[in-house]
Amino acid sequence: MNHWHGKTWYAYGTSMTSIAQGKYVPVVEELSGLKVVNKGIPGGCLTPDGFGKGNNKLAVMNMDDGKENADLITLEVLPNESGNHGDIYDTDDESFCGCLNQCIRYVQENTKAQIVLIVMILSNNIEPEKKVKRELTGLEFAELAERVGHLNGVPVINIFTEGGFGYARVKARDYQKDNIHLNDLGGKNMGRFVWSKLKDIPLWYGE
């Protein structure tokens, strides 16, 4: 039995989730039967000095968009953040970890939805052993995000570490339109991976 069929999914994140470029979301929607409210923002980020100047944090941390009725809330993170990654125990307004802790705790406190953290891939033109601007490798950054999820007791779908989009496979861009955004084939593969994890995450019962 598919317990997600007909339930309401609020999907927050970057362009990788957005209506314009989020190729994995319609795949998950079709496989799951979820009703999607897509809140992904192209260029979105949590940190105030990231590409989107903290626009994703502002979107998550307000109750004006109807998320109180959500059954599932996903927070997709990793692209577009600043170099200030912080520590998993941070709760400040500046670091990635601080902002992510705030966002997860906000939706936990203010909704009865199941909260799932989605850790997204990064650019396909960076070799895995190379450090990115955050002075971390992509793996280290993905693991940092996952640990914040674990700290807060939320399920984590780590596409970066488990989704199959490794550098040796994606550098030819058979699955992506540019250095990160998916084409239809990439979306099919990523969506099916996300659903393989989501289908085993239970509903959260608030009463």
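- Summarising the geometry, atom CD belonging to Glu81 is positioned 7.5 Å from atom CG belonging to Asn56; distances are rounded to the nearest 0.5 Å.
- Going from atom CD of Gln108 over to atom CD1 of Ile73 covers 10.0 Å, rounded to the nearest 0.5 Å.
- Residues Ile121 and Leu78 fail the side-chain proximity criterion, which asks for heavy atoms closer than 4.5 Å.
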Inset, instruction - Give the C-alpha distance, both sets of side-chain angles, the deciding distance and a yes or no for side chain to side chain donor-acceptor pair (under 3.5 Å) between Ser123 and Asn179. - result: CA-CA 5 Å; Ser123 296; Asn179 68 310; 3.1 Å; yes
Inset, instruction - For the pair Glu127 and Lys171, evaluate salt bridge (charged side-chain N to carboxylate O under 4.0 Å, His left out) and give the outcome as yes or no after the intermediate values. - result: CA-CA 9 Å; Glu127 296 173 344; Lys171 64 181 180 179; over 6 Å; no
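- The two residues Asn101 and Ile88 come nearest to each other via the heavy atoms ND2-O, 2.7 Å.
- Counting non-hydrogen atoms of neighbouring residues, nucleotides and ligands closer than 6.0 angstrom, the CZ atom of Phe51 reaches no more than 12 such neighbours.
- Contact annotation: the side chain of Val37 approaches that of Thr8 to within less than 4.5 Å [non-hydrogen atoms, C-beta and beyond].
- The number of heavy-atom neighbours closer than 6.0 Å to CD of Glu135, taken from other residues, nucleotides and ligands shown, is 12 or below.
- In this structure, Leu182 and Gln176 approach most closely via the heavy-atom pair CD2-CG, 3.9 Å.
- Two residues are said to be in side-chain contact when any heavy atoms from C-beta on lie closer than 4.5 Å; Leu144 and His85 meet this criterion.
- If you take CD on Gln114 and CG on Leu72, they are separated by 7.5 Å, rounding to the nearest 0.5 Å.
- Counting only N and O atoms by type, the side chains of Trp195 and Ser32 include no donor and acceptor under 3.5 Å apart.
- In summary, the side chains of Asp92 and Gln102 do not present any donor paired with an acceptor at a separation below 3.5 Å, with no hydrogens or angles considered.
- For Arg105, the CZ atom sits in a packed shell: over 12 heavy atoms of surrounding residues, nucleotides or ligands are nearer than 6.0 Å.
- Proximity of Lys53 to Pro48: side-chain heavy atoms (C-beta onward) are nowhere separated by under 4.5 Å.
- Heavy-atom minimum distance, Tyr24 versus Met16: CE2-O, 3.0 Å.
- Applying the side-chain contact (heavy atoms from CB on, under 4.5 Å) test to Ser196 and every residue at least two apart in sequence or in another chain returns Phe193.
- Within the structure, every pair that satisfies the ring-ring contact (aromatic ring centres under 6.0 Å, His included) test and touches residues 112-170, not counting sequence neighbours, is listed here: Phe96-Phe141.
- As a member of the Ile/Leu/Val/Met/Phe/Trp/Tyr network built from side-chain separations under 4.5 Å, Ile41 groups with nothing else and remains a singleton.
- The closest side-chain heavy-atom distance from Val148 to Cys97 is below 4.5 Å.
- Expressed to the nearest 0.5 Å, how far OG of Ser95 lies from CG of Asn84 amounts to 5.0 Å.
- A 4.5 Å side-chain heavy-atom check between Lys130 and Thr137 finds every atom pair outside the cut-off.
- Of the inter-residue distances, the one linking Ser15 atom OG with Met120 atom CE reads 9.0 Å to the nearest 0.5 angstrom.
- The neighbour count for Lys131 NZ, taken as heavy atoms of other residues, nucleotides or ligands under 6.0 Å away, does not exceed 12.
- Rounded to the nearest 0.5 Å, atoms CG (Leu198) and CD1 (Ile118) are 7.5 Å apart.
- Defined by atom type and a distance below 3.5 Å, a donor-acceptor pair is missing between the side-chain atoms of Thr161 and Glu143.
- Around atom CZ of Arg173, more than 12 heavy atoms belonging to other residues, nucleotides or ligands sit under 6.0 Å away.
- Residues Asn124 and Asp178 approach most closely at ND2-O, 3.0 Å, considering heavy atoms.
- In terms of heavy atoms, Ile180 sits closest to Pro79 at CD1-CG, 4.0 Å.
- Closest approach of Gly40 to Ser18, counting heavy atoms only: O-CB, 3.5 Å.
- Asp65 and Tyr12 share a donor-acceptor pair across their side chains, judged by distance under 3.5 Å alone.
- Between Glu68 and Lys112 there is no salt bridge, since no side-chain nitrogen of the basic residue lies less than 4.0 Å from a carboxylate oxygen of the acidic one.
- Using a 4.5 Å heavy-atom cutoff, the side chains of Val119 and Ile157 are not in contact.
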